[in-house]
Amino acid sequence: MRPDNNAEAPSTSLIGQLESSNVSRSTIKILALSGAGVFMDGYDLFIIGVAVLFIPFNSTKFDTALITSAALLGAVFGAVLFGNLADRLGRRRLYVVDLVFFVVFAAASAFAQNIWELYAFRFLLGIGIGADYPISASYITEFVSNRHRGKLIASVFSFQGLGLLGAGAVGIALVKLNLGPDVWRWMLLSGVVPALVALTARTKMPETPRWYLSHGRVDDAQNVLSGYFGYQVPKEKLEVVTERVSTRELLISPYSRRVIFTSVSWFLVDVGVYGIGILTPTLLTEIYGPSVPLLASVVTSVQLFAFAGVGYVSAIALTDVVGRKPLQIVGFFGMAIPLLVAALLWVPSLMVVVALFAFFYVFENAGPNTTTWIYPVELFPTRLRGTGHGLAATVGKMGAVAATFFLPLILLTLGAPAMLTVVGLACLAGGGLTILMGIETKRLSLEDVSEIFKSFYETFDRISANLEGAAQTFRDEVVEGSKDAHPDVASMALAVKGFEHTGDDIVHEAFTRLDKKFVAPIDRDDISRLLKTLDDTLDFIDASVSRMSIYRVESYSSEVLRFAEIILAQAKEIRRAIVALKGAKAPVVLDAAAIKIHELENEADDLLHACLEGLFAEPGRASAFDVIKQKEIYEYLETTTDKAEDVADVLRSFLIKYSL
């Protein structure tokens, strides 16, 4: 692939290589190895549901809930901890470490001598499973183009289905081998083999170029692209830009809305995925009755999970065509409807269960089970991607823990209809949440989806700095001109005009970006309002100075000097507020700046009143023509302070709307 010799920025050139790339053998390898971790999750999900039927120290429903939820509880901690570490230390290192957890503690679980040992080992195993969610998802995402991103990430997640089926086949085979009371140990040990194969292959994989770029390691990013993919990027166009990894940014900025959406929707879908999935063998055993061999329920479960394959294939085919949001909405409602209908018309027969679960598995995996895994890696930027995905996965696994622990108790005490109702209502809530908060990301650049907020922060920062520069120049020129008998007004006007032209260029660039399709944590209208008010303030500084030049002002009055000082003070407060937008003290700084700007505007109102009163207090002191000129200059200066107050009002509205 040819390098983009016309690129103006290193990230544009490097990322442009990725965003325009096709699916290659290297991409398939990345897909397969990222999918291996998800495979192990699906494998463990099913194999423990089968093994628990044979574990001798599983004597009560509480024991069952404890054993099946242990790994999920570990995943709660593993996802958020390792997701953040992946942002700080890199994807590749932890891409290996998470499978080490699986290999070691899957083997240890197989040799557990009592329920507490089994619980402890499976908890530690779960840390590795949870860790792989943000790591594998981030890894594949940061290597692929927007044209193929959805289907490739969905393909990685479909390995969960392969894990389910693989575990089912292994479980059935081991039962048929008549290995005796220790058959459950062989089931748990069987997962070590594929994990070892994947672990070995992962040690040879590179770090992602996007992670390198976010940490200022441009040469390393280029080496990955050239050495692993064969891409070339001109070195002279590369610069080092290091981004700070800050978990706080997820919680105090508009990214917090995305955290809520991705986390809660994952929680709700996992109530269904893990609750129904893990309970399937137990529920079928109850339907078959105690006289039917356990193997019959396991075989039926495997057949049911085959329907999940239809869902996975549908997600792969449709996610880049229909989009994430429609699939998630339809999927949630498609899961809810059969569950609620079955709860109302419950008949404990095999046909009812097969029809119910077949329908459920198709919609589950065509929709939210896949899309909730895709969304977090798209909606958060590289510096926060692992943390954001890990946080969403952690909350999701809390839903899984709740489902596997409490749904068996509901089934035991209140019956199947009550359990199905709980899961159905959770799915309805997920569909409603997606309608309200869902974001469509199909075929958008990963940077446009996740980084646009940061990009506009930089734009606001440039405009506010330019505005402060114009105000500072105006004030300094007035101060110096007050010392001269004949100040050089034309020179001042020319200097301010330079700032005005620069501001116009920045705003034009920003509005050009607004015309493009993108997803941003701040609404387009709000971005537009802030851009416009900042530009208006600068325009009125320029207009005020231009009139002073056109009217050939021969001296600066003390009132003009005070207006210049007020305008500069407001510009400094605007600048301070813009800089604080991304920080932890944003609410305090923005509120204080808005109050100060408002106080200064009130002072400007009083000053204008005094100026006008002075102009007309002594008739004949100045010609009517001079009075008109001075009046217009004063009014333009006061209007400038009004425009600055408009900026403060927009920033204050951000506090309310986005909970900054």
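This one's a predicted model, so the numbers in the text were calculated from it and none came from an experiment.
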- [ ] Specify whether His389 and Trp373 have parallel, tilted or perpendicular ring planes, treating 30° as the upper limit for parallel and 60° as the lower limit for perpendicular.
- [x]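 Answer is perpendicular, since the angle exceeds 60°.
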Does the side chain of [X] come under 3.5 Å of the side chain of [Y] through a donor N or O and an acceptor N or O?
X: Ser214; Y: Arg385; result: no
X: Tyr375; Y: Thr434; result: no
X: Thr394; Y: Tyr133; result: no
X: Ser24; Y: Thr27; result: yes
X: Thr459; Y: Arg462; result: no
X: Arg324; Y: Thr441; result: yes

Taking the basic N atoms (NZ, or NE/NH1/NH2) and the acidic carboxylate oxygens, is any pair closer than 4.0 Å for [X] and [Y]?
X: Glu207; Y: Arg91; value: no
X: Arg652; Y: Asp591; value: yes
X: Glu480; Y: Lys483; value: yes
X: Arg562; Y: Glu559; value: no

Task: Matching residue for Ser138 among Val377, Thr208, Thr387 - test: side-chain contact (heavy atoms from CB on, under 4.5 Å) - done: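 The passing option is Val377.
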Task: Lys596 NZ: over 12 foreign heavy atoms closer than 6.0 Å - done: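 Not buried by this count: 12 neighbours or fewer within 6.0 Å.
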Task: Counterpart residues, side chain to side chain donor-acceptor pair (under 3.5 Å), relative to Thr371 (two or more places apart) - done: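 By the side chain to side chain donor-acceptor pair (under 3.5 Å) rule, Thr371 matches Gln328.
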